[in-house]
Amino acid sequence: MSDKISKEVLTEWLEIVRPFAHDGHVADYIPALAKKHPEDLAVAIHYHDGTTVSEGRDEDCFTLQSISKVIALALALMDNGEDYVFERVGMEPSGDPFHSIYRLEQHNPSKPLNPMINAGALAVTNMIHGVTPDEKVGRLLSFIHEMTDDHSIRHSEEVASSEFETAFLNRALLYYMKQHQVVDGSVEETLDAYTKQCAIEVNVKQLARIGALFANEGRDLDSNRQIISKHFARICKTFMVTCGMYDASGAFAIKVGIPAKSGVSGAVVGSLNKFGGIAVYGPALDEKGNSVVGLKLLEMMSNRYDLSIF
Ligand code: GLN
């Protein structure tokens, strides 16, 4: 394992990256996210040996947004098996923005390219077992409670309904996929489950622990329980490398080289075998939807501590 990064180093680095918070913009297409302050930064590391370090606003909660796509994928794989999931959703990076619709029409029969873009993630949520949206989200929350050993984690109704009321593009993706039998059941109910899934709130310490669990091949670091199979954890981490940072995944792999997933709330989770989980939060986003501060901080960590997997 590489050297541990001390709290003092994290404090210093947060101050170095703070000015970059003003190079980006807080997401406002989900109205409730627009209230966030660009300089509310936080970082946490959950090391492979179970120890943790964190700095900044490490108790503040933010919503998972697209980071939930990795967790939902793990649950959908456990619910349905690999063959079922990948008959309906592909494994290839798209190189397009996360909410893009146009590739759906290029594949015959229609199939979203991967589970990390919105089309694929909506199809994955549709596959999670549960009769009602609340049952699906309840199962996803229980899964997150198991991963974090924290049963207080909930979704924000304010953020979920703010997105539900304005998610016209995601509705369009779902209606297109319903027409082509990629998803079944009610579009509104799948969207309800998806927006609640995206609105699940965590802090950086909880998120770093989730990253550490994926890094530890799906086993909880405290109890040693296998919560996700090694194989499914590996599938999720591979998607983090190829598609986790949207259409900036290639540059991120070169500059940082850490399997990672970002969300438009401004959070990024990284997962490094034999090192642990890293979570960074900074709500200002670049034009691709990735946290400006998150990218900067992960690049600094990777370069200074030689964290790239490549
Ligand atoms: N809930 C958001 C959406 O579907 C998640 C997108 C993201 O984090 N990139 O638009």
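Along the sequence shown, residues are numbered consecutively beginning with 1.
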Those residues that, when tested against [X], pass side-chain hydrogen bond (donor to acceptor under 3.5 Å, both in side chains) (two or more places apart):
X: R139; answer: D79
X: D192; answer: K196
X: T195; answer: none

Does one side chain, of [X] or [Y], offer a donor that lies under 3.5 Å from an acceptor on the other?
X: N126; Y: K136; value: no
X: T132; Y: D134; value: no
X: Q65; Y: S265; value: no

**Prompt:** Same hydrophobic cluster for L10 and V292, using side-chain heavy-atom links shorter than 4.5 Å among ILVMFWY?
**Reply:**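 Shared cluster, yes.
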
Between [X] and [Y] (salt bridge meaning N to carboxylate O under 4.0 Å), is one present in this structure?
X: E87; Y: K111; result: no
X: E59; Y: K205; result: yes
X: R88; Y: D184; result: no
X: E55; Y: K7; result: yes

**Prompt:** Do the side chains of D96 and D247 get nearer than 4.5 Å, heavy atoms only?
**Reply:**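 In short, these two side chains do not touch, never coming nearer than 4.5 Å.
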
**Request:** Not counting sequence neighbours, which residues clear side chain to side chain contact (heavy atoms under 4.5 Å, CB included) with T242? List them please.
**Result:**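 T242 satisfies side chain to side chain contact (heavy atoms under 4.5 Å, CB included) with P93, F239 only.
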
**All side chain to side chain contact (heavy atoms under 4.5 Å, CB included) counterparts of E92, not counting sequence neighbours** =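 If we apply the side chain to side chain contact (heavy atoms under 4.5 Å, CB included) test to E92, skipping adjacent residues, the hits are L113.
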
**Message:** Could you go through I144 and L64, starting from their C-alpha distance and side-chain angles, then the distance that decides it, and tell me whether this counts as side chain to side chain contact (heavy atoms under 4.5 Å, CB included)?
**Reply:** CA-CA 11 Å; I144 292 174; L64 285 173; 4.1 Å; yes

**Request:** If the plane angle is over 60° it's perpendicular, under 30° parallel, otherwise tilted; pick one for F98 and Y246.
**Result:**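 Plane angle between 30° and 60°, so tilted.
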
**Message:** Determine whether a donor-acceptor pair (N or O, by modelled atom type, separation under 3.5 Å) exists between the side chain of N80 and the backbone of M127.
**Reply:**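 Between the backbone of M127 and the side chain of N80 there is a qualifying donor-acceptor contact (under 3.5 Å).
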
**Selection residues 18-46 - residue pairs positive for ring-ring contact (aromatic ring centres under 6.0 Å, His included), sequence neighbours left out** = none

**Request:** Let me see the working for N216 and K274 under side-chain hydrogen bond (donor to acceptor under 3.5 Å, both in side chains), right down to the final yes or no.
**Result:** CA-CA 7 Å; N216 195 37; K274 303 192 171 52; over 6 Å; no

**Prompt:** Checking side chain to side chain contact (heavy atoms under 4.5 Å, CB included) against M301, which of V9, V256, V43 comes through?
**Reply:**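 Looking at V9, V256, V43, the match for M301 under the side chain to side chain contact (heavy atoms under 4.5 Å, CB included) is V43.
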
**Item:** Geometric cation-pi criterion, K36 with F62: 6.0 Å, 45°
**Value:** no

**Prompt:** Passes side chain to side chain contact (heavy atoms under 4.5 Å, CB included), V70 versus K237? Steps please.
**Reply:** CA-CA 8 Å; V70 187; K237 281 179 287 187; over 6 Å; no

**Request:** Decide if atom CZ of R18 counts as having more than 12 heavy atoms of other residues, nucleotides or ligands within a radius under 6.0 Å.
**Result:** yes

